[in-house]
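The structure appears right after this line, and notes come after that.
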Amino acid sequence: MHKELLRAFFLNARGMLNQGGEVHVSHREDYPYSTWGLENLAAKSGFNLEEKVRFKKWDYPGYQNVRGGDINCDKPFPLNSHCFTYKFRVDEKYDDQPQRNDHDDADLMAFRHWVMQRLQNSDTHGLQEFAKNKFSPSRR
């Protein structure tokens, strides 16, 4: 499920960025996350890896890591030496927007729903409205 959310994120982000635009994704590199093919997911939506740096929580004020599923849902996990921030840039050779199909639209809706669930019960100071606007079907 999370791998599909990442795929939908890259696809949606690519539709919002111009040439040279960037997205940053923090991701663990140990198993099973190492099998997700993060760089490949990004490349399929027209992104190149520009830089990979060790994740530093203090670079993201207010960041709180939580698990996304299973019985330990919403509980923190250790941020260890396997955590990195991947910085992807829109591929200058990638001229067209990624082609979307019905499966992609369903993925984007699932991603929007997941974001909204995460934002509903926290003090987000307008992030919920931001997500509604950015991920609404009419914005695509």
Side-chain angles (χ1 to χ4, degrees):
M1 175 177 106
H2 295 111
K3 182 178 174 180
E4 288 302 312
L5 290 172
L6 274 171
R7 192 177 72 77
F9 167 76
F10 283 121
L11 185 66
N12 197 49
R14 179 59 186 94
M16 290 192 247
L17 296 173
N18 294 322
Q19 294 293 337
E22 285 189 10
V23 294
H24 296 189
V25 177
S26 295
H27 186 64
R28 290 180 61 163
E29 200 174 67
D30 51 341
Y31 183 83
Y33 316 102
S34 58
T35 65
W36 290 11
L38 183 64
E39 292 177 49
N40 193 33
L41 289 172
K44 287 181 179 179
S45 291
F47 289 97
N48 285 326
L49 180 65
E50 285 290 311
E51 185 178 18
K52 179 176 120 181
V53 297
R54 188 146 328 269
F55 178 78
K56 297 174 188 155
K57 185 176 177 177
W58 53 86
D59 286 342
Y60 303 92
Y63 174 81
Q64 294 182 3
N65 62 313
V66 293
R67 297 176 188 278
D70 75 29
I71 58 175
N72 291 318
C73 181
D74 293 330
K75 293 190 178 177
F77 58 88
L79 296 173
N80 56 31
S81 62
H82 300 289
C83 298
F84 293 89
T85 298
Y86 293 74
K87 299 177 183 183
F88 296 99
R89 184 179 302 268
V90 173
D91 186 345
E92 294 177 17
K93 297 176 187 170
Y94 197 91
D95 293 329
D96 297 322
Q97 295 290 326
Q99 296 299 312
R100 290 190 174 153
N101 57 42
D102 290 339
H103 180 71
D104 293 332
D105 288 339
D107 287 345
L108 290 172
M109 290 306 293
F111 179 65
R112 179 180 181 269
H113 179 73
W114 181 81
V115 168
M116 295 307 296
Q117 282 184 323
R118 288 288 187 213
L119 295 175
Q120 274 180 340
N121 296 324
S122 61
D123 182 21
T124 60
H125 305 289
L127 285 177
Q128 189 170 3
E129 193 61 35
F130 171 80
K132 280 182 189 175
N133 292 332
K134 285 293 186 187
F135 299 114
S136 69
S138 62
R139 301 271 305 164
R140 289 184 272 148

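On a predicted model such as this, the values are computed, not experimentally measured, just so you know. Starting from 1, each residue takes its place in the sequence as its number.
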Evaluation steps, side-chain contact (heavy atoms from CB on, under 4.5 Å), between Leu41 and Phe88 | CA-CA 11 Å; Leu41 289 172; Phe88 296 99; over 6 Å; no
Could you walk me through whether Phe10 and Val25 pass the side-chain contact (heavy atoms from CB on, under 4.5 Å) test, one step at a time?
-> CA-CA 10 Å; Phe10 283 121; Val25 177; 3.8 Å; yes
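The salt bridge (Lys or Arg N to Asp or Glu O under 4.0 Å) test applied to Glu29 returns Lys52, not counting sequence neighbours. Listed by chain and residue number, Glu22, Glu50 satisfy the salt bridge (Lys or Arg N to Asp or Glu O under 4.0 Å) test with Arg89 (two or more places apart in sequence, or in another chain).
For the side-chain contact (heavy atoms from CB on, under 4.5 Å) with His27, the lone residue among Tyr86, Phe55, Phe84 that qualifies is Tyr86.
How far NZ of Lys87 is from CG of Asn48: 16.0 Å, rounded to the nearest 0.5 Å. Interatomic distance, Thr35 OG1 to Asp30 CG, rounded to the nearest 0.5 Å: 10.5 Å. Atom OH of residue Tyr63 and atom OG of residue Ser26 lie 6.0 Å apart, to the nearest 0.5 angstrom.
A donor-acceptor pair is defined here as one N or O able to donate and one able to accept, closer than 3.5 Å; no such pair exists between the side chain of Arg14 and the backbone of Val90.
In the hydrophobic clustering of ILVMFWY residues, with side-chain heavy atoms under 4.5 Å counting as a link, Trp36 and Leu49 come out together.
Using a 4.5 Å heavy-atom cutoff, the side chains of Arg7 and Ser45 are not in contact.
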